Amino acid sequence: MTAVLDRPTGSHHSPAPAALPERLVPGGLALLALAGVLVLATRPGHLPVLLAACAAVVLPVADLARRLRGQLATARELEEQRRDLVSRGRTTADELEVATRMMRARAQTMTSVIDAVTEQSIIGTDRDGVVRVWNPGAERMLGLPRAEVVRIRSITDFHAPEELDGETGPDPAPARRGANRFAALVAVARDQGSDVRDWTYLTADGRRLTVSVAITPRTDDDGEQAGWNFVGTDMTEVRAAERLKDQFVSLISHELRTPLSSILGYLELVLDDEEQPLTDDQRQYLGTVERNAQRLLRLVGDLLFTAQVDAGRFTLQPEDVDLAAIVRASEETARVTAAARGVSVAVAVPDGGLVVRGDALRLGQACDNLVSNAVKFTPAGGHVTLRLAPGWQDDDGRVTATERPGCRPVAALSVSDTGVGIPAGEQGRLFTSFFRASTARRNAVPGVGLGLTITKAITTAHGGSLDVTSAEDAGTTFTMILPAG
Amino acid sequence: MELPARVLVADDEPDIRLLVTLAVRKAGCTVVDSVGDGLAALAAARAEIPDLLVLDVSMPGATGLEVCAALRAEPATAGCRVLLLSAGASPADIARGLSAGADAYLPKPFPVAGLVAQIRALTSGVRA
């Protein structure tokens, strides 16, 4: 096959036709002999000789003819094979050309896709970190043209070295320093197949950028590792905005808490001054001031807590907590407000308590939120019922009172009211920050829409779930399921 | 007659400083000085060697945590009791305060009665 392809495809020379005259030589001699016999046969009296001669000649001639036909057939066959090979060679050459064109087009597509990315840096390196691909996004982000980087620089040249040297500092041997830094850069991606995190890039003009870099290994056609890909997004401004938000929230928190500390502190001094007792009216007015100051304080706490949840900086202090005690405490907290509104609150908890693993302060906050909501949204004459019971939850989330195989022990807390309810279409958004149901706004129920967001975040952080069932003008039930035992 | 315990008050917020001063008096103690920044608190503590310091955590000059750590490092002031007040109320804030060497930590806003009780507890037994 390869020998055929090596020959110029336009040539008609081939081994088969060249050998043909040589093979015809014995056949030619036989024909001469036959002609001699025929000449002799035309003479009278020579018939017996002629017949004998004929017998002697005809047999070799027939044999010759047969061989001749065989040789001709072989020649034709070889010629066909030659043509076939030539045409197959042409086809293969065509296919190769098409494949090459496709490869080129595909590479062109890849290059044009990579080149069209100007906001993300796409950097490809070989296995040792030497840059092989440097897209316009990388040129723009790091300030160096492709020609000055590809095959010349290592990716680690553009990283803040202190992030790669680790706790032991730079390797004292300059020869090993670069290799160690590159190993540190791809360590997680090598272990886990990919790695996305923030790194500090150093630009040509000396700026430091916070870049979220996705690192993945790159393989060649045989599945061998050929190098590494680094796709980076400049997060410098985003991270700065996040830091600003954090600073803002903690500043607000501090700046609001400080005056509230003064208001509440001096109020307490006035209210508790035994030497100058207040009149009942004064006591009532100052009580209103205190209640509102406490409300502001809760709001500040809720805002700060929501910001912590958003930033993923919300941590639990787990201990064994008796949920029954928490539910009873929430009822006590809500009792005065409920009585003032003409709403009754009933509590049903297990006599022996119900212990879960969790953060007592946060679980108390979650329970308080549900109970105060229930009281707040229930008109005079209505009822709020707090029910705590142990249960068993299967893999589909169903909870039953009796143990079944494959079920986990849980604590189920439900807070039901006979209040204004939540329209079905709004129930999905209930746990979104600052969302307020239309029934809440229509009935002028005070609030900012953080309580349920916080309650949900606390429940989720405990590995539990929070669900709602509600009918407008009939009531609402929130059910909190927490892992127990 | 038993001498009242001597207390140093430091908070950059004048209203809170006065509130704490009133609480110290309610607890039956004497206010030896009240200052508005951390460096002044440190200087006053070295001069007065008070029985108790009531320190705000976030103050200019030096934070309450820094003042507390500095007092603990000096033999003359290492025995002073320290009560930290702070707007930071998270368990991490409290842990930081106690690991700086504070004897007690009260998040703001604090009930005045609670502060009075803390001051009494921290000064009981001293000067007896």
Side-chain angles (χ1 to χ4, degrees), chain A residues 246-247 249-276 286 289-309 311 313-319 358-365 458 461, chain B residues 9-29 31 34 36-38 54-60 63-65 83-99 104-120:
Chain A
D246 277 4
Q247 285 170 356
V249 168
S250 73
L251 184 83
I252 285 284
S253 163
H254 182 263
E255 289 307 303
L256 289 175
R257 260 178 219 272
T258 302
L260 280 167
S261 300
S262 281
I263 293 170
L264 288 165
Y266 286 98
L267 265 176
E268 188 185 335
L269 288 180
V270 176
L271 286 165
D272 291 351
D273 193 341
E274 285 163 7
E275 285 163 22
Q276 294 162 287
L286 288 183
V289 174
E290 187 180 18
R291 204 172 59 246
N292 281 280
Q294 292 287 3
R295 183 170 146 195
L296 266 179
L297 190 62
R298 271 197 306 277
L299 178 61
V300 172
D302 284 357
L303 277 173
L304 191 64
F305 185 68
T306 310
Q308 281 171 347
V309 170
R313 278 193 284 101
F314 157 47
T315 51
L316 296 176
Q317 308 287 315
E319 54 184 324
D359 187 318
L361 197 74
R362 294 304 177 197
L363 288 174
Q365 189 183 3
I458 292 171
Chain B
V9 177
D11 196 308
D12 58 336
E13 195 70 33
D15 294 339
I16 302 287
R17 206 157 61 228
L18 176 59
L19 189 66
V20 174
T21 303
L22 294 170
V24 171
R25 292 199 184 124
K26 268 181 172 274
C29 304
V31 176
S34 76
D37 73 88
V54 183
L55 297 174
D56 181 27
V57 167
S58 62
M59 281 188 292
T63 68
L65 301 177
L83 167 58
L84 288 175
L85 300 176
S86 170
S90 74
D93 291 324
I94 295 168
R96 262 196 297 278
L98 297 180
S99 61
Y105 187 102
L106 211 53
K108 289 180 185 175
F110 47 83
V112 179
L115 179 59
V116 171
Q118 283 276 8
I119 293 169
R120 278 207 185 110

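We use all heavy atoms of the structure for the numbers below, so side chains are in, but hydrogens, waters and symmetry mates are not. Residue numbering restarts at 1 for every chain, and letters A, B, ... go by the order of the sequence lines. This is a predicted model, so every value here is computed, not measured.
- Side-chain contact between A:Val300 and A:Arg295 is absent, with no heavy-atom pair separated by less than 4.5 Å.
- Looking at heavy atoms from C-beta onward, B:Tyr105 lies out of side-chain contact with B:Leu85 at the 4.5 angstrom threshold.
- Looking only at side-chain heavy atoms (C-beta outward), B:Leu106 and B:Leu115 come within less than 4.5 Å of each other.
- With a 4.5 Å cut-off on non-hydrogen atoms, A:Leu297 touches chain B through its side chain but not through its backbone.
- For a residue to count as touching a neighbouring chain, one of its non-hydrogen atoms must lie under 4.5 Å from one of that chain's; by this rule B:Ala23 does not touch chain A.
- Residues of residues 266-275 of chain A lying under 4.5 angstrom from chain B, judged on non-hydrogen atoms, are A:Tyr266, A:Glu268, A:Leu269 by number.
- With values rounded to the nearest 0.5 angstrom, B:Leu65 atom CG is found 8.0 Å from B:Ser86 atom OG.
- Heavy atoms of B:Leu18 lying under 4.5 Å from chain A belong to its backbone as well as its side chain.
- Side-chain contact check for B:Ile16 versus B:Asp56: every heavy-atom pair is 4.5 Å or farther apart.
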**Item:** side-chain contact (heavy atoms from CB on, under 4.5 Å) assessment of B:Arg25 paired with B:Ile119
**Value:** CA-CA 10 Å; B:Arg25 292 199 184 124; B:Ile119 293 169; over 6 Å; no

**Asked** Between A:Phe305 and A:Arg362, does a side-chain contact (heavy atoms from CB on, under 4.5 Å) hold up when you go through it step by step?
**Response** CA-CA 10 Å; A:Phe305 185 68; A:Arg362 294 304 177 197; 3.3 Å; yes

